[in-house]
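Comments concern the structure below.
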Amino acid sequence: MLDIKAIRQNPEAVAQALEKRGFTLDVDAFEQLDARRKQADIDSQNLLAERKRASKQVGQLIGQGMSVDDAKAQVNETLEKIASRIDTLTEEAKQVQAQLEDMLLGIPNIPDEDVPQGSTEADNREVARWGEPGTFDFPVKDHVALGEAIGQLDSDVAAKITGSRFTVMYGELARLHRALIQFMLDIHTREHGYREIYVPYIVNQDSLRGTGQLPKFEEDLFKLRADNDYYLIPTAEVPVTNVARDRIFDDGELGEEGVRFACHTPCFRSEAGSYGKDTRGMIRQHQFEKVELVQLVRPSDSTAALERLTGHAEVILQRLELPYRKVILCGGDIGFSARKTYDLEVWLPGQDTYREISSCSNFGDYQARRMQARWRNPATGKPELLHTLNGSGLAVGRTLVAILENYQQADGTIRIPAALHPYMGDVTHLGG
RNA sequence: GGUGAGGUGGCCGAGUGGUCGAAGGCGCACGCCUGGAAAGUGUGUAUACGGCAACGUAUCGAGGGUUCAAAUCCCUCCCUCACCGCCA
């Protein structure tokens, strides 16, 4: 959520900044609604003040021994009338307030200055490249062909059990998948200063509103068929970031560089609106595993924190010796709540292209304001909004895909990257 | 699922209809005291919105109701704790 004061102060500037992401802010509608809100507030507050004054007088007179009826009569015989007007006025004030709130919740974050202009993926700007895509002296296969050939990947049985966009893995491939999770968590907790955290995979609406999935993107979520408005998490970002909801952190709790959580969870996405896209293989699934990095930092530190966090995700790709590039998302491609996002794209020989494997974002105070995540600034003594960040470190399913495709051998087996050997016992090849 | 007890400020905890945004304590800040510290002592110490300000309004788990007036009474829901049942 944006700071309503900032919008009031300079609505045109906010609107212009939002143009970059193709969002049109209706300044007139905002200003009208805001003016109505203010008037409704003033009107209802005046009446409430009047009632409070009168009620206090009644109380005093009764205290002096007057009968209740006489006291009421003496103070103001129209008190009852005021009561009914209060009802309608406060009701109206509440409604206008809610309308304004809804409008605010629907406005995306303002993109950072670094965010390039552009409307689609094609306008993202590449900022770095690591590693060289390997060359193969045999026809490369994609991960589906590779996994099926060794009898360890099966989407047909998954389709029988559930439906499309699910996967079943067997044997060493399933083990490799599990090994990746351990590997990633170990690196982040041992080398990058993250605290491991285990969280619910089912969350309530307040949490989803806090991180920005609700109210606007409900169609992307799986909602549970129960009467309590629960949803499956689309990413660990939701439960982990909401640890800070309605909390005020002491400065000391933030340490040198903020609070860092690393979390493995499954993620569930409806993928509504992506029919026909990435239908083959494990690239786009309703259920996938991810190791997520979440940081809660002091506002002055979030710009640097995004660089650090992205670096932490990059380390995983580097240790696995997977070629990748780093892009900064353009205004049209950046997520609703993000101020600035780096995508890491891994090289996939089977698709002959780079594909997203991690998305690292700085949300500024946007999520923090929605969820009232604060810290007590020692300089002011006041609670102030934190800044939140998160990034995949990494998407596990896609990492598995990348390993299959990049480490495939002429004989159809798949070599296991050295970094994973400690997690795979004596297994050095899949399908060997 | 059943029964019972609870949800109050950064924390603990009092408050069962009226000058209560809320006693007291802890913590924290500043001062006094001290050679310095501890102890002691004094003062201050929630958030949001509106207002230049004085100040006003709201907030005692959430929502609704009763009343001139609700932290306090009534209803619904959520959560926590204890015991019982069931269960991985």
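So you know, we letter chains A, B, ... as the sequences are listed, proteins then strands, and number each from 1. It should be emphasised that the depicted structure is a prediction, and the values quoted were computed from it without experimental measurement.
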Return the value, rounded to whole Å, for the distance between atom CD of A/Gln205 and atom P of B/C78.
14 Å
Cation-pi check, A/Arg369 onto A/Tyr366 ring (under 6.0 Å, within 45° of axis):
no
Separation of B/U45 P from A/Asp250 CG (nearest whole Å)
20 Å
Write out the stems for RNA chain B, ordered by first number and formatted as range with range, counting runs of at least 3 consecutive Watson-Crick or G-U wobble pairs under 3.5 Å.
B:1-7 with B:78-84, B:10-12 with B:24-26, B:27-32 with B:40-45, B:46-50 with B:55-59, B:61-65 with B:73-77
Considering residues, nucleotides and ligands other than A/Glu113, do more than 12 of their heavy atoms fall under 6.0 Å from its CD?
no
C1' spacing across the pair B/C86 / B/U76, given as an integer number of angstrom
27 Å
Given B/G50, B/A69, B/U47, which nucleotide is nearest the side-chain atoms of A/Ser55?
B/A69
For A/His264 and A/Tyr198, I'd like to know if the aromatic rings sit close, meaning centre-to-centre distance below 6.0 Å.
no
Nucleotide B/U57, atom C1' - distance to CD of A/Glu92 in whole Å:
17 Å
Rounded to whole Å, CZ of A/Arg36 lies from C1' of B/G50 at a distance of 18 Å
Check every atom of B/C68, B/G50, B/U47 against the side chain of A/Val58 and return the nucleotide holding the closest atom.
B/C68
So which nucleotide from B/A70, B/G10, B/G18 ends up closest to the side chain of A/Ile248?
B/G10
Between CD1 of A/Ile62 and C1' of B/A69 the distance, given in whole Å, is 9 Å
Between A/Arg260 and A/Glu196, is there a salt bridge with N-O shorter than 4.0 Å?
no
All N/O contacts under 3.5 Å from nucleotides 51-56 of chain B to the protein, with atom names and distances to one decimal?
| from | atom 1 | to | atom 2 | distance (Å) |
| --- | --- | --- | --- | --- |
| B/G51 | OP1 | A/Lys38 | NZ | 2.4 |
| B/G56 | N2 | A/Gln45 | OE1 | 3.1 |

To the side chain of A/Arg37, which of B/G10, B/G50, B/G64 is closest?
B/G50
